[in-house]
Number of protein chains: 2
Amino acid sequence: MSNMGYPGHMELHEPELRDVPVTAVLAALADDVRLQIVRALAEGGEYACGTFEFGVSKATRSHHLKVLREAGLTRTRVAGTSRYVRLRRDEVDRLYPGLLDAVLTARTPS
Amino acid sequence: MSNMGYPGHMELHEPELRDVPVTAVLAALADDVRLQIVRALAEGGEYACGTFEFGVSKATRSHHLKVLREAGLTRTRVAGTSRYVRLRRDEVDRLYPGLLDAVLTARTPS
DNA sequence: GAGGTTGTTCGACGAATGTCGAACATGGGT
DNA sequence: ACCCATGTTCGACATTCGTCGAACAACCTC
């Protein structure tokens with residue numbers, strides 16, 4: 001069992017939320033597809049990336065998940081060929097109280 | 001000159017906050033210059049547009065104030081050649097409780 | 001009215017963003 | 001080993017965005 005480094009695969013960039021500019025966090029949430037992803041994640045638990053089928057290609061989906069991750073909003077666990085994403089709810093709520101609640105409960109203006 | 005139906009002055013577009021998509025509200029706040037403006041406005045009261053000198057030209061400043069206004073975040077009162085802007089704090093707080101507080105109290109991770 | 005102040009609008013430009021298909025990488029199954 | 005499923009990365013492309021100077025419009029004061 002080699003407990004040494006991880007030569008083969010890239011480490012996932014998951015910054016601390018406090019190191020991310022507020023504008024980056026807001027920009028990450030200011031997209032319809034990403035907001036749908038966040039809403040789905042807010043149900044709780046982990047979701048494989050492939051779960052999110054919102055009318056975009058898998059390349060685009062991967063891009064959006066990267067934006068959310070690098071904004072400090074999600075955490076990703078690698079398991080085999082799949083990656084499981086979950087919302088960093090407690091951390092977001094602690095640093096930005098009310099932000100997620102405000103965004104998630106928003107009604108879409110018909 | 002005859003009156004050609006051309007309006008004497010454009011009406012300011014100030015939508016109701018509930019008619020603005022959440023993504024538009026978030027996008028309006030996801031900019032450094034606009035965030036500085038909102039922070040200044042959060043002090044309370046009205047501010048003339050020229051008050052905001054944040055290293056951008058007056059054309060850019062006018063653009064940012066338009067974005068904030070059309071996102072339903074600010075209200076503008078015309079008085080002579082000046083325009084006085086104020087934050088629609090109550091309405092924002094009512095529709096998105098915690099949003100402004102979360103954004104305004106954010107520390108810059110510089 | 002002339003001139004100055006305040007703010008908006010109009011192109012124009014570069015940068016950033018969302019999107020896709022295709023190629024690639026990795027791991028699981030048979 | 002081969003194939004397939006899951007995701008990422010790489011151009012490429014169109015669109016949007018932030019920025020500016022210049023022109024314009026409205027207003028106030030002399």
Side-chain angles (χ1 to χ4, degrees), chain A residues 2 6-14 20-21 23-38 40-41 46-71 74-86, chain B residues 1 3-14 21 23-38 40-41 46-71 74-86:
Chain A
S2 66
Y6 309 76
H9 54 77
M10 275 237 299
E11 293 184 6
L12 292 181
H13 185 215
E14 292 184 346
V20 180
T23 50
V25 177
L26 294 170
L29 295 172
D31 179 276
D32 279 307
V33 176
R34 288 195 291 269
L35 213 45
Q36 292 185 68
I37 295 177
V38 171
L41 289 175
E46 288 182 324
Y47 294 82
C49 297
T51 307
F52 313 108
E53 283 297 342
F54 296 124
V56 294
S57 71
K58 61 177 180 176
T60 303
R61 182 203 333 138
S62 187
H63 162 69
H64 286 310
L65 289 170
K66 183 179 183 180
V67 171
L68 289 172
R69 189 182 63 240
E70 294 187 340
T74 61
R75 213 173 275 283
T76 302
R77 180 177 62 90
V78 181
T81 76
S82 295
R83 280 146 188 249
Y84 292 93
V85 185
R86 66 181 186 278
Chain B
M1 285 300 289
N3 181 1
M4 300 188 300
Y6 189 76
H9 58 73
M10 275 239 298
E11 291 185 6
L12 293 181
H13 185 213
E14 293 185 346
T23 50
V25 176
L26 294 171
L29 295 171
D31 180 274
D32 279 307
V33 177
R34 288 196 291 269
L35 212 45
Q36 291 185 69
I37 295 177
V38 170
L41 289 175
E46 288 182 325
Y47 293 83
C49 297
T51 306
F52 313 109
E53 282 295 342
F54 295 124
V56 295
S57 70
K58 62 177 179 175
T60 303
R61 184 206 328 142
S62 187
H63 162 69
H64 285 310
L65 289 171
K66 183 179 182 180
V67 172
L68 289 173
R69 189 182 62 240
E70 295 188 338
T74 60
R75 213 173 276 281
T76 301
R77 182 176 61 92
V78 181
T81 76
S82 296
R83 280 145 189 251
Y84 293 93
V85 185
R86 66 182 186 277

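Order of the sequence lines sets the chain letters (A, B, ...), proteins ahead of strands, with each chain counted from 1.
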Distance, rounded to the nearest Å, where [X] contributes [atom1] and [N] contributes [atom2]:
X: A:D31; N: C:dT17; atom1: CG; atom2: C1'; result: 9 Å
X: A:H64; N: C:dT17; atom1: NE2; atom2: C1'; result: 9 Å
X: A:F52; N: D:dG7; atom1: CZ; atom2: C1'; result: 13 Å
X: B:L65; N: C:dT6; atom1: CG; atom2: C1'; result: 13 Å
X: A:L68; N: C:dT17; atom1: CG; atom2: P; result: 14 Å
X: B:E53; N: C:dG7; atom1: CD; atom2: C1'; result: 12 Å
X: A:I37; N: D:dG7; atom1: CD1; atom2: P; result: 12 Å
X: B:Y84; N: D:dA26; atom1: OH; atom2: P; result: 19 Å

Nearest-nucleotide comparison on DNA chain C, the residue closer to the 5′ end among B:T51 and A:H63: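 Counting from the 5' end, the first nearest nucleotide belongs to B:T51.
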
Residue whose closest nucleotide on DNA chain C lies nearer the 5' end, B:A48 versus A:T81: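 The 5'-side residue here is B:A48.
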
A:T76 backbone acceptor or donor facing A:R83 side chain under 3.5 Å: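 Here the side-chain-to-backbone pair does not exist.
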
N/O donor-acceptor pair under 3.5 Å between B:T51 side chain and B:A48 backbone: yes

Minimum side-chain heavy-atom gap [X]-[Y] below 4.5 Å:
X: A:T74; Y: A:L65; value: no
X: A:D32; Y: A:F54; value: no
X: B:H13; Y: B:K66; value: no
X: A:V33; Y: A:T60; value: no

Selected nucleotide, minimal atom distance to [X] side chain, candidates [options]:
X: A:S57; options: C:dG7, C:dC20, D:dC20; answer: C:dC20
X: B:A59; options: D:dA22, D:dG7, C:dG7; answer: D:dA22
X: A:K66; options: C:dT19, D:dT9, D:dG7; answer: D:dT9

Taking only side-chain N and O atoms of [X], does any of them lie within less than 4.0 angstrom of OP1 or OP2 on [N]?
X: B:R83; N: C:dT6; answer: no
X: B:R34; N: D:dG18; answer: yes
X: B:T60; N: D:dT19; answer: no

Difference in axis direction between the ends of the helix from C:dG1-D:dC30 to C:dT30-D:dA1, five pairs, 10°: 10°

Partner set under side-chain hydrogen bond (donor to acceptor under 3.5 Å, both in side chains) for A:R75, not counting sequence neighbours: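 A:R75 satisfies side-chain hydrogen bond (donor to acceptor under 3.5 Å, both in side chains) with A:E14, A:E91 only.
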
